[in-house]
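See below for the structure under consideration.
Here the structure is a predicted model, which is why all the values come from computation and not from measurement.
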Amino acid sequence: LRAPLPVLPSSNRMKWLAYVFAAFSLAMAQLHRDPTLDHHWHLWKKTYGKQYQEKNEEEVRRLIWEKNLKFVTLHNLEHSMGMHSYDVGMNHLGDMVGKLHIQWYLTICIQSEKTGSCGACWAFSAVGALEAQVKLKTGKLVSLSAQNLVDCSTEKYGNKGCNGGFMTEAFQYIIDNNGIDSETSYPYKAVVGHKQTSCSPWTSQGSPPSQLLQKSCLVVGYGNLDGKDYWLVKNSWGLYFGDQGYIRMARNRGNHCGNARYSSYPEI
């Protein structure tokens with residue numbers, strides 16, 4: 001699954017977040033938190049290491065969290081009655097909503113939980129696909145450098161580093177560069193910075209860039225559960241998302257979430 005991921009520059013993003021919190025504060029001025037949930041709120045914050053710089057922000061986050069908790073509770077009740085094919089749960093994103101949520105998940109790498117302000121899921125999807133092919137070809141599982149792509153597969157390829165990019169163009173960069181560094185030699189820093197690379201050549205095939213989808217993920221398998229076909233997808237929202245960072249998405253169901261469009265994979 002592939003697509004460009006536009007991300008606001010850091011300064012604009014902070015201003016935007018400030019406006020959003022102000023709007024939330026006004027919208028929720030008449031709302032009051034449920035005191036019976038105080039213990040659960042503090043437990044949730046401790047579990048996920050949540051800290052807020054300002055009291056106003058915590059008040060807003062608390063109200064969002066309560067709203068999300070209510071949704072999870074009601075949804076799972078309906079799931080128990082056969083009204084949904086899946087259940088849901090509260091995780092580290094439980095105090096976020098809408099674009100606030102998007103700004104957070106772009107910063108997280110599933111494998112190592114390294115955070116920052118870098119929209120690099122396109123790069124992690126590309127190296128994840130390559131790692132699988134290396135494993136099939138050599139029998140060795142080697143972590144490859146997403147940072148290499150963030151730094152070097154840039155404007156020439158239509159990619160924008162921490163502001164989004166395309167997996168197919170990442171593959172093309174690797175072909176042109178005759179290789180890609182390993183994660184060990186070129187670790188992820190969640191910022192754009194340049195470094196020379198020297199690795200073995202790869203080849204790839206894929207589909208052209210798209211402006212329609214807004215998220216890149218790595219499909220690692222497929223199957224059938226209770227009569228429902230699914231793709232097993234490795235996401236980039238952290239280990240607390242889904243099942244240890246993975247999610248089952250509907251397969252053979254009318255291109256659900258665009259997961260049958262613009263797929264790509266490399267060949268060695």
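- Within a 6.0 Å sphere centred on OH of Y222, other residues, nucleotides and ligands contribute 12 heavy atoms or fewer.
- When only modelled atom types and interatomic distance are considered, Y157 and D176 share a side-chain donor-acceptor pair under 3.5 Å.
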Q) Stepwise, does the side-chain contact (heavy atoms from CB on, under 4.5 Å) test hold for N68 with M90? A) CA-CA 8 Å; N68 289 335; M90 293 293 287; 4.2 Å; yes
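- Nearest heavy atom pair, residue V150 against residue C118, reads CG1-SG, 4.2 Å.
- Rounding to the nearest 0.5 Å places OG1 of T154 at 10.5 Å from CG of L149.
- The backbone N or O of P35 lies less than 3.5 Å from no partner atom in the side chain of W41, so there is not a single donor-acceptor pair.
- The two residues A146 and E183 have their closest heavy-atom pair at N-OE1, 4.3 Å.
- Looking at heavy atoms from C-beta onward, F171 lies in side-chain contact with L130 at the 4.5 angstrom threshold.
- Using a distance-only test at 3.5 Å, with no hydrogens or angles considered, no donor-acceptor pair links the side chain of E169 to the main chain of G158.
- The side chain to side chain contact (heavy atoms under 4.5 Å, CB included) search around H75 returns F71, H84, Y86, V88, not counting sequence neighbours.
- Linking ILVMFWY residues whenever their side-chain heavy atoms come closer than 4.5 Å, directly or via other members, leaves L63 and L43 in distinct clusters.
- In this view, D38 and R62 satisfy the salt bridge (Lys or Arg N to Asp or Glu O under 4.0 Å) rule, not counting sequence neighbours.
- In this structure, the side chain of Q147 engages the main chain of V191 through a donor-acceptor pair within 3.5 Å.
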Q: Apply the test side-chain contact (heavy atoms from CB on, under 4.5 Å) to residues S143 and T184: give CA-CA distance (whole Å), side-chain angles for both, the deciding distance (0.1 Å), then the verdict.
A: CA-CA 8 Å; S143 294; T184 300; over 6 Å; no
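- In this structure the side chain of E58 reaches within 4.5 angstrom of the side chain of K45, judged on heavy atoms.
- The minimum heavy-atom distance linking A170 with A126 is given by the pair CB-CB, 3.8 Å.
- Using a 4.5 Å cut-off between side-chain heavy atoms of Ile, Leu, Val, Met, Phe, Trp and Tyr, with links allowed through other members, L225 and L232 fall into the same hydrophobic cluster.
- Note that the CD atom of E267 and the NZ atom of K137 stand 10.0 Å from one another [nearest 0.5 Å].
- Nearest heavy-atom pair, N148 versus Y173, reported as atom, atom and distance to 0.1 Å: ND2-OH, 3.3 Å.
- Y188 approaches A120 most closely through the heavy-atom pair OH-CB, 3.9 Å.
- Results of the side chain to side chain contact (heavy atoms under 4.5 Å, CB included) test with Y246 over V233, L218, V220 single out V220 as the only residue that passes.
- For R33 (side chain) and E59 (main-chain N/O), no donor-acceptor pair under 3.5 Å exists by modelled atom type.
- To the nearest 0.5 Å, atoms CZ (R251) and CH2 (W231) are separated by 5.5 Å.
- Cluster membership for L77 and V72, using ILVMFWY side-chain heavy atoms within less than 4.5 angstrom, is not shared.
- Rounding to the nearest 0.5 Å gives a distance of 9.5 Å between CG of D34 and CG of L69.
- Using a 4.5 Å cut-off on side-chain heavy atoms (C-beta onward), I180 and Y186 make no contact.
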**Q.** Verdict with supporting geometry, D95 and Y52, side-chain hydrogen bond (donor to acceptor under 3.5 Å, both in side chains)
**A.** CA-CA 11 Å; D95 61 347; Y52 306 105; 2.5 Å; yes
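- Here the OG1-CD distance, from T73 to E78, works out to 11.0 Å after rounding to the nearest 0.5 Å.
- In this structure, the side chains of Y265 and V219 stay at 4.5 Å or more apart for every pair of heavy atoms.
- Side-chain atoms of N159 come within 3.5 Å of backbone N or O of S153 as a donor-acceptor pair.
- In this structure, the separation between NE2 on H92 and OH on Y48 is 8.5 Å, given to the nearest 0.5 Å.
- Taking 4.5 Å as the limit, some side-chain heavy atom of R61 sits within range of a side-chain heavy atom of M96.
- Between Q133 and P266, the shortest heavy-atom contact is NE2-O, 2.5 Å.
- In the hydrophobic clustering (ILVMFWY side chains linked at under 4.5 Å, chained through shared members), L141 stands by itself.
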